[in-house]
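Some notes on the structure that comes next.
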There are 2 protein chains.
Amino acid sequence: MVPLLLDLQRATHVTLHHLTTVLADLRLSPSELNALANLAVFPDGAGTVSELGAAAGVRPTTLTGIVDRLEQRDLLTREPHARDRRTVVLRLTPAGTTAATRVLDAMTSLERRALSSLPSSAAADFAVVLQALSDGAA
Amino acid sequence: MVPLLLDLQRATHVTLHHLTTVLADLRLSPSELNALANLAVFPDGAGTVSELGAAAGVRPTTLTGIVDRLEQRDLLTREPHARDRRTVVLRLTPAGTTAATRVLDAMTSLERRALSSLPSSAAADFAVVLQALSDGAA
DNA sequence: TATTGTTATACTCTATAACTATA
DNA sequence: TATAGTTATAGAGTATAACAATA
C-alpha cells in the first residue's frame, strides 16, 4: 500500500515541472511561480510576508530571497504597513499581475484537463483532503 | 478562486516539514525520506534509478546526489542489473528498511489522523485526482 | 542511434541561528 | 518580552548540458 503522501509529493513535482515548462518564457523558478500566484489571489494582489508564507507553506527566511528576485524584476514591490512598521506589504506590480495571471491560467488549465473525466465533486473533495492533511501536520 | 495546485503545493510543504520534524533523529532531508519510502514500497525494497525517479517525480540527475548520501550511510546499496549493464539497482539495506518503515509509519499515521473525520472513500478519491493531475502534466 | 546513469556547473531552496526594528 | 522580517552560513535540490558505458 502506497501512502497518499508519496502520491502527493510526486504530483507536486510533476505538476511544478509542467508549469515551469509551459511558462518557460517567464524565466521564473517553481517557488517564484508559487509566490506570484499566491499573491495574485490576495485582495488587491497584496499581502504581508507572513501571510504569503502561510499561504505557500514556506518560512519567511525562504521568502526573503524569492521576494528579492521578484522585486528586482519589478514584479512586486515592498511597501511599509500602515499601522505596524515591522511589517512589510508585498504588492504585485502591473507586470507582476500580468505574469501571475498567466501562472493562474496555466494552473487552472491543467486542473480542468485533469478533472474533466472525473465527477464534478472531485475538486471540492480533493481540496478538503488537502486541507485536512495540512491541518493534521500543523 | 484559489487553484487546487496552490493548495497542493502548500500541503506538500507543510506535510514534509511535519515529517522531517517527527523523524528528526533520522537526520534525513525531505528528498531522502521520499526516496527511502518510495524504495520501501517496491518489491524487495529494490528498483532502478529510473523507476525511483518515476515514482518520486524526480530526475535521475537529482537522484544521484540523494542516492550517494543514502549509500554512504549504508541505508541502500547500488547493485549491477542482471541483464542490462547500464542499469543500477538500488536496494534497501536492513538499516535502510528499518528507517524506511519508520517513514512509512509516520506518513500513514498523519494520513489516518487527517482522514479520520472524512468519509472512508476520501482517500481513494484523493488518490485518483492526484493521479489525474500527474497524468495531465506528463 | 538511443538509453542509463553520472559529472560539472550554476542557481535556487531550505533550516538554523543571530540580528534589527518595532510592538 | 514578543513579533516581523532580514542576514549569514551551510547544505540540499534542480536544470542544463556534456559525458561514458551499454544497448
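By convention in this document, chain letters (A, B, ...) are assigned in the order of the sequence lines, proteins followed by strands, and residues within each chain are numbered from 1. The structure displayed is predicted, hence computed values, not measured ones.
- Rounded to whole Å, atom C1' of D:dA15 lies 15 Å from atom CG of A:L28.
- Within the nucleic acid shown, A:T64 comes within 4.0 Å of at least one base atom, counting heavy atoms only.
- In this structure, the CD atom of B:E32 is 13 Å from the C1' atom of C:dT14, given to the nearest Å.
- Following rounding to the nearest Å, A:H81 (NE2) and D:dA4 (P) show an atom-to-atom distance of 11 Å.
- A continuous path of Ile, Leu, Val, Met, Phe, Trp and Tyr side chains, each step under 4.5 Å between heavy atoms, connects A:V67 with A:V88, placing both in one hydrophobic cluster.
- For the atom pair CG of A:L70 and OG1 of A:T77, the computed distance is 11.5 Å after rounding to the nearest 0.5 Å.
- The residue among B:R83 and A:T20 whose nearest nucleotide of DNA chain D is located toward the 5' end is A:T20.
- Of the candidates C:dA15, D:dG5, D:dA23, D:dA23 carries the atom nearest the B:D84 side chain, counting heavy atoms from C-beta on.
- Distance B:L90 CG to C:dT6 P: 8 Å, rounded to the nearest Å.
- Checking D:dA4, D:dA15, C:dT6 against every side-chain atom of B:V49, the shortest atom distance belongs to C:dT6.
- Evaluation of atom-type donor-acceptor distances gives a pair under 3.5 Å for the side chain of A:T61 against the base of C:dT16.
- Among all heavy-atom pairs drawn from B:A127 and A:D7, the shortest one is CB-OD2, 4.4 Å.
- If you check distances only, the side chain of A:R85 never reaches the base of C:dT22 with a donor-acceptor pair under 3.5 Å.
- Atom CZ in B:R59 sits roughly 16 Å away from atom C1' in C:dT3 (whole-Å rounding).
- For A:H17, the listed nucleotide lying nearest its side chain is D:dA15; candidates were C:dT14, D:dA15, D:dG5.
- A sub-4.0 Å separation between OP1 or OP2 of C:dT6 and a side-chain N or O of B:R78 is present.
- For the pair A:L19 CG and D:dT14 P, the computed distance is 15 Å after rounding to whole Å.
- Between the side chain of A:T48 and the backbone N or O of A:V89, no donor-acceptor pair lies under 3.5 Å.
- If you check every strand for non-hydrogen atoms under 4.0 Å, A:R27 touches nothing.
- If you measure from atom CG of A:L33 to atom P of D:dA15, you get 12 Å, rounded to the nearest angstrom.
- The CG atom of A:D68 sits 15 Å away from the C1' atom of C:dC11 (whole-angstrom rounding).
- Between A:I66 and A:R86, the residue anchored closer to the 5' end of DNA chain C is A:I66, taking for each the nucleotide with the nearest heavy atom.
- Contact detail for A:A122 and B:V129: the closest heavy-atom pair is CB-CG2, 4.1 Å.
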